[in-house]
Amino acid sequence: MYAPIVPDPSAPPVRINLYSDTQTLPTQAMRAAMLDAEVGDEQSGMDPTVNALCDRVATLFGKEAAMFLPSGTMCNEIAILTLCRPGDEVLAHETAHIITAEGGAPGALAGVRVRGLPGPRGMFSPAALREAITAPSRYAAPQTLLVAEQTANLGGGTIWPLEILCEIASIAHEAGMATHMDGARLMNAVVASGVSARDFAVPFDTVWLDFTKGLGAPLGAVLAGSTATIDRAWHWKQRIGGSLRQAGICAAGCLYALDHHVERLTEDHANAKRLAAGLSQIGGLIVEVPETNLVFAEVAANGKTPEAWAASLRAQGILISVMGRSRLRLCTHLGVSVQEIDDTIAAFAAIN
Ligand SMILES: *Cc1c(COP(=O)(O)O)cnc(C)c1O
């Protein structure tokens with residue numbers, strides 16, 4: 001999963017890139033906004049564009065404070081470092097990004113263990129959470145943090161219903177745990193469900209948004225929480241080298257994305273549905289119905305391997321990703337048009 005893309009000199013250039021929404025390129029208009037940004041020394045609190053972005057995201061989430069960071073991974077890890085102590089246990093879905101895609105950082109950096117909870121489509125039930133909560137004792141690892149991913153990436157870009165989020169957060173709080181939302185694709189959940197970012201964020205002590213996924217900025221994520229939590233988080237930002245200088249250049253791209261690239265996520269969702277409908281007609285694939293911009297297809301046990309599908313598409317100039325041993329993932333984003341969705345369906349049909 002997430003293997004580096006090794007350039008193949010014999011393959012044609014990539015003309016349709018469905019590998020990930022991380023492959024989005026900043027538009028000319030976004031670049032122009034970045035060029036004109038007012039900047040200052042971020043770590044001294046003197047970058048007006050970073051400050052404006054942090055205020056904007058704090059307001060969006062109904063939190064007191066926010067901090068700008070280079071990546072979503074750093075948001076997750078700083079939240080864990082801030083809210084947990086070494087030896088603690090964090091509870092998250094077993095497919096969570098903090099378990100599957102952060103290089104073991106919760107253990108390596110924060111000294112915590114993450115317990116993966118089971119459940120379909122990247123989500124666990126309140127009952128499964130109750131089951132996983134251990135009675136406090138001198139023997140058990142203190143359970144101090146619950147993490148939920150909105151949308152759930154490996155779950156299929158699925159959206160946690162608001163009622164379930166409220167329920168798991170209140171179970172966690174009653175058990176004395178803090179709550180953290182990995183909001184890498186939170187705005188996809190917002191536009192698809194009609195629930196506000198603020199409503200999704202309320203049950204969580206910390207929440208962050210990635211600007212480098214479907215929002216299309218080249219760099220940046222913002223972590224929000226109470227003033228006290230963000231003050232403590234600043235210590236970790238400084239310690240791990242996440243304090244920045246004239247970062248307003250990047251924050252300007254993020255502000256541009258909030259203004260221009262949120263509503264349009266509905267186009268990506270429509271494209272994902274169109275793609276899934278087309279692919280469901282192709283033999284050898286079991287396609288999951290997408291809720292947002294991620295389309296997953298399970299390859300039939302007796303058919304082609306996911307690598308073989310991906311290679312045949314790559315030979316036609318189409319880049320997709322292989323997830324685990326049996327799944328393909330195709331991700332729609334602002335760099336993919338309706339025509340390219342139809343071309344991709346045709347390319348799959350040509351392989352078959
Ligand atoms: C991409 C992603 C992250 C990490 O964000 P980066 O900006 O790539 O570091 C964390 N969680 C989820 C669910 C993601 O999809």
Side-chain angles (χ1 to χ4, degrees), residues 1-5 18-24 26 53 57 66-81 90 92-106 108-110 114 116-117 121-124 145-160 165 180-190 192 200-201 204 206-224 236-237 240-242 244 247 250-251 253-254 257 261 265 268 272 290-296 321 323-324 327 329-333:
M1 194 181 69
Y2 300 121
I5 306 168
L18 296 159
Y19 181 82
S20 175
D21 44 12
T22 57
Q23 306 262 324
T24 45
L53 176 66
V57 174
M67 77 168 32
F68 184 68
L69 289 165
S71 71
T73 299
M74 213 184 265
C75 291
N76 275 338
E77 296 309 326
I78 285 183
I80 293 170
L81 285 159
V90 174
H93 190 267
E94 61 192 2
T95 63
H97 198 273
I98 57 169
I99 297 179
T100 58
E102 298 186 8
L109 303 182
V114 187
L117 306 187
R121 296 185 57 82
M123 295 174 276
F124 48 85
L145 183 63
L146 174 77
V147 176
E149 211 171 277
Q150 182 74 308
T151 63
N153 180 351
L154 297 187
T158 47
I159 302 171
W160 285 82
L165 286 177
H180 170 72
M181 175 177 278
D182 172 339
R185 295 188 179 81
L186 180 55
M187 298 320 286
N188 290 86
V190 168
F200 278 136
F204 291 85
T206 49
V207 51
W208 63 272
L209 178 62
D210 209 332
F211 289 93
T212 69
K213 301 280 166 80
L215 296 183
L219 190 152
V222 173
L223 174 69
W236 285 108
K237 176 168 151 86
I240 64 175
L244 305 166
C250 300
C254 302
H261 290 173
L265 292 171
D268 300 341
E291 293 183 31
T292 53
N293 69 326
L294 305 178
V295 178
F296 281 85
S321 61
M323 292 278 171
R327 287 164 102 201
R329 192 187 77 174
L330 296 85
C331 181
T332 59
H333 54 77

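Remember, it's 1-based here, ligands and their atoms both numbered in the order they're listed. Just so it is clear, the values below take in all heavy atoms, side chains as well, and ignore hydrogens, waters and symmetry mates.
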Original post:
Relative to the heavy atoms of A184, which atoms of ligand 1 are at a distance of less than 4.0 Å?
Top reply: 2 (C), 11 (N), 12 (C), 13 (C), 14 (C), 15 (O)
Original post:
Which residues satisfy the side-chain contact (heavy atoms from CB on, under 4.5 Å) test with C250, sequence neighbours excluded?
Top reply: F68, L219
Original post:
Counting distance only, does the side-chain N/O of T158 pair as donor-acceptor with the main-chain N or O of R121 below 3.5 Å?
Top reply: yes
Subject >> Closest approach of M74 to G242 (non-hydrogen atoms, all atoms of both residues) >> reply: SD-CA, 3.8 Å
Original post:
Is K213 close to ligand 1, meaning an N/O of one under 3.5 Å from an N/O of the other?
Top reply: yes
Original post:
So which of M74, E77, H97 gets nearest to atom 3 (C) of ligand 1, if we judge by its closest heavy atom?
Top reply: H97
Original post:
At a 4.0 Å cut-off, with the gap strictly under it, does some heavy atom of W208 reach an atom of ligand 1?
Top reply: yes
Original post:
In terms of atom number and element, which parts of ligand 1 are under 4.0 angstrom from non-hydrogen atoms of D210?
Top reply: 5 (O), 6 (P), 7 (O)
Subject >> Residue E149 vicinity, atoms of ligand 1 by number, heavy atom under 4.0 Å >> reply: 13 (C)
Subject >> Geometric class of the F124/H93 ring pair [parallel <30°, tilted 30-60°, perpendicular >60°] >> reply: parallel
Original post:
Among A152, G72, A101, C75, which residue places a heavy atom closest to atom 6 (P) of ligand 1?
Top reply: G72
Original post:
Less than 3.5 Å between some nitrogen or oxygen of D182 and one of ligand 1, yes or no?
Top reply: yes
Subject >> Side chain E149, main chain H97, donor-acceptor under 3.5 Å >> reply: yes
Original post:
Do you know the tightest heavy-atom contact between I159 and M123?
Top reply: O-SD, 3.8 Å
